[in-house]
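The model shown is predicted, which means the values in this text are computed figures rather than measured ones.
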Amino acid sequence: MALGPRLELRQGQGLVITPQLQQAIKLLQLSNIELEAFVEAELERNPLLQRDGPEPEAQEEAPSVDRAEAAADQMPDGAAAADMDAGPDDASPGERDGGENGDSAAGQVDWSRAGKGGSFEGDDDFESRLTREKSLTEHLHDQLAVAGLDPAERAIAAVLIDGVDEGGYLRTDLSDLAERLGCGLPLVEAVLKVLQGFEPTGVFARDVRECLSLQLKERDRLDPAMAALLDNLDSLARRDMAALRRACGVDDEDLRDMLAELKALTPRPGAAFGGEPSHAVSPDVYVREGPGGIWLVELNTDTLPRVLIDQRYHARVSGSARTEADKTFLSDCMASAGWLVRSLDQRARTILKVSSEIVRQQDAFLAYGVQHLRPLNLKTVADAIGMHESTVSRVTSNKYMATPRGLFELKFFFTSAIASSSGGEAHSAESVRHRIRQLIDAERSETEVHSDDTIVEILKQAGVDIARRTVAKYREAMRIPSSVERRRMLKASV
């Protein structure tokens, strides 16, 4: 067989994911906070984009100056120079089609914004410091300032403070710290002993036992019996009262008093101080009951960034573009802006479509509660609305729905199915977990405690075909102790 080069034409099918499609897929799975950040970056990068909504008063006073300068910074030199040749009678680049003419003359200074970058720049930060809750680290440094330590000890103390977590526990190894700082371990331990006298009591402890012992020592209650109780916290976690009585050498009444003292202590002394501010979750979709029991689904417009293309500014600048680089830059900006506007609209429509189908599938949950949550998977929703499962999965990631029964992530409504023992409709795994919790919460005495086998029998009588290992898995996932531990807990509470 002869070998040689030759040309061939072959026809085939393949899936090509364009950069625009890749970005659209990424846009679909962003949360509303991530989406806002993405849109904000696009607004800064693309001079043809602007928000669809009222601008702040300071920006309305001199839109032409700000927008022209921003565009000049981003465009090539030729386009920027050409734009500067435009006469003062041209339309303001900050106006949209159909908008009114701006009142500011070109080149007018906006004195209402002149304070930015000047002596008033730190005002907002000053106000935030006045209203922000003091953190644990700041509280400890305030005490360090008046502790009377020498410079070397103060340096060691500062490093130890940096090693304290939000709960108040010291997560720094003392030997490694001494070696790193080039000092002796006894000096580090001496500084730590001073720091353990700081408020809140129990801070700088290295484990739970040390934390509780510091608090008991301050109350003058760290006697040998209480020390033995702290040495047997594992028996306390198992509610093994017999082992605790033997270890502490006390009777039932004394042990109950000791346990009551222990419950009054704080295992996380640093939790009372402010940490990172928590952000409230904003729902992407609202669900409310309409006339005739119909559930109405609507998007939360406050979480949807609205942008549009500044057609008038594009017409002005494109008419002044003279070089190919300028025209290419404007063409790319126009294409990118058009893609973003269409993608945002498509994202909103897709979220509404998926949410509406979820509400249709789970209307019994909205009407009657979690016991009526139906089994649901991504394929069921995808087939119903004519989309791919991966699209539905991306839509339900980091999206929240506000319902009359609370705020839920969209993924909450997707639960696996558990067969019915009577051959009827399958049960949702979430509703079965709810039934298990209800059975355990109803236990009031040692004789009423249900074992996993008993729970299986009760559920089978209710029409739920479930295995014992599944009950145990659900119980452990909900952090519910075993029946033996629950009996000990109920016995100890009597």
Side-chain angles (χ1 to χ4, degrees), residues 16-56 59 63 67 70-71 74 93-99 279-287 296-315 317 329-359 378 381-382 385-402 407 409-411:
V16 178
I17 301 180
T18 63
Q20 289 80 6
L21 181 57
Q22 293 177 2
Q23 289 181 330
I25 293 174
K26 176 184 177 182
L27 201 67
L28 193 62
Q29 62 189 5
L30 295 180
S31 66
N32 49 40
I33 297 177
E34 295 169 336
L35 180 65
E36 179 64 29
F38 177 82
V39 171
E40 196 66 35
E42 287 294 311
L43 286 169
E44 294 179 3
R45 186 188 67 83
N46 195 333
L48 300 183
L49 281 173
Q50 67 179 108
R51 286 194 179 276
D52 181 15
E55 297 290 335
Q59 294 181 4
R67 290 291 303 280
Q74 297 181 50
E95 296 170 352
R96 300 195 302 266
D97 289 341
H279 301 282
V281 175
S282 298
D284 298 87
V285 180
Y286 287 111
V287 178
L296 305 179
V297 184
E298 58 185 14
L299 292 171
N300 181 8
T301 56
D302 293 337
T303 63
L304 297 176
R306 295 185 293 272
V307 297
L308 51 78
I309 303 174
D310 195 341
Q311 298 285 359
R312 178 167 296 187
Y313 184 58
H314 174 258
V317 179
F329 174 78
L330 289 174
S331 176
D332 292 343
C333 288
M334 191 65 178
S336 177
W339 164 83
L340 181 61
V341 172
R342 291 191 300 271
S343 297
L344 290 175
D345 180 69
Q346 184 63 35
R347 177 183 182 273
R349 292 175 182 272
T350 306
I351 292 176
L352 184 60
K353 198 172 184 179
V354 172
S355 300
S356 299
E357 180 60 25
I358 291 175
V359 170
L378 297 173
V381 174
I385 62 178
M387 291 184 178
H388 196 271
E389 290 181 52
S390 61
T391 303
V392 177
S393 177
R394 292 186 181 95
V395 169
T396 54
S397 297
N398 302 314
K399 312 294 189 306
Y400 292 85
M401 178 186 293
L407 183 67
E409 189 177 6
L410 293 185
K411 287 189 177 296

Self-check item: Pairwise distance CG(Asn46) to CG(Leu340) - rounded to 0.5 angstrom
Solution: 8.5 Å
Self-check item: Non-hydrogen atoms of Leu299 and Ala348 that approach each other most closely
Solution: CD1-O, 3.5 Å
Quiz prompt | Rounded distance (nearest 0.5 Å) linking atom CG of Asp284 with atom CG of Leu304 | solution = 7.5 Å
Self-check item: Side-chain donor/acceptor of Ser336 to backbone N/O of Asp332, under 3.5 Å
Solution: no
Self-check item: Non-hydrogen atoms of Leu48 and His314 that approach each other most closely
Solution: CD1-CD2, 3.6 Å
Practice problem: Could you go through the side chain to side chain contact (heavy atoms under 4.5 Å, CB included) check for Val395 and Leu28 one step at a time? | Solution: CA-CA 6 Å; Val395 169; Leu28 193 62; 3.8 Å; yes
Practice problem: Quick one: pull up OG1 in Thr391 and CZ in Arg394 and give me the separation to the nearest 0.5 Å. | Solution: 6.0 Å
Practice problem: State, to 0.1 Å, how close Met387 and Val354 come at their nearest heavy-atom pair, and which atoms those are. | Solution: SD-CG2, 4.5 Å
Self-check item: Check against side chain to side chain contact (heavy atoms under 4.5 Å, CB included), Thr301 and Arg306
Solution: CA-CA 9 Å; Thr301 56; Arg306 295 185 293 272; 4.1 Å; yes
Quiz item: So, the side chain of Asn300 versus the backbone of Ser282: is there a donor-acceptor pair under 3.5 Å, distance only?
Solution: no
Quiz item: How far apart are the C-alpha atoms of Met401 and Val359, what are their side-chain angles, what is the distance that settles it, and do they pass the side chain to side chain contact (heavy atoms under 4.5 Å, CB included) test?
Solution: CA-CA 10 Å; Met401 178 186 293; Val359 170; 3.9 Å; yes
Exercise. Compare every heavy atom of Val341 with every heavy atom of Val307, then report the nearest pair and how far apart it is.
Key: O-CG2, 3.8 Å
Self-check item: Heavy-atom closest contact (Ile309 atom, Ala337 atom, distance)
Solution: CG1-CB, 3.9 Å
Practice problem: Calculate, to the nearest 0.5 Å, the distance between atoms OG and CD1 belonging to Ser356 and Ile351 respectively. | Solution: 11.5 Å
Quiz item: Are Ser393 and Lys411 close enough, and set up right, to give a side chain to side chain contact (heavy atoms under 4.5 Å, CB included), and what steps lead you there?
Solution: CA-CA 8 Å; Ser393 177; Lys411 287 189 177 296; 3.9 Å; yes
Quiz item: Going through the checks in order, is the salt bridge (Lys or Arg N to Asp or Glu O under 4.0 Å) test met by Glu34 and Lys399?
Solution: CA-CA 11 Å; Glu34 295 169 336; Lys399 312 294 189 306; over 6 Å; no
Self-check item: Distance in Å, Leu344 CG paired with Gln346 CD, rounded so as to fall on 0.5 Å steps
Solution: 11.0 Å
Quiz prompt | Minimal non-hydrogen separation, Arg51 against Pro305, with atom names | solution = NH1-CB, 4.4 Å
Exercise. Could you grab the distance from atom CD of Gln29 to atom CG of Leu35, nearest 0.5 Å is fine?
Key: 12.0 Å
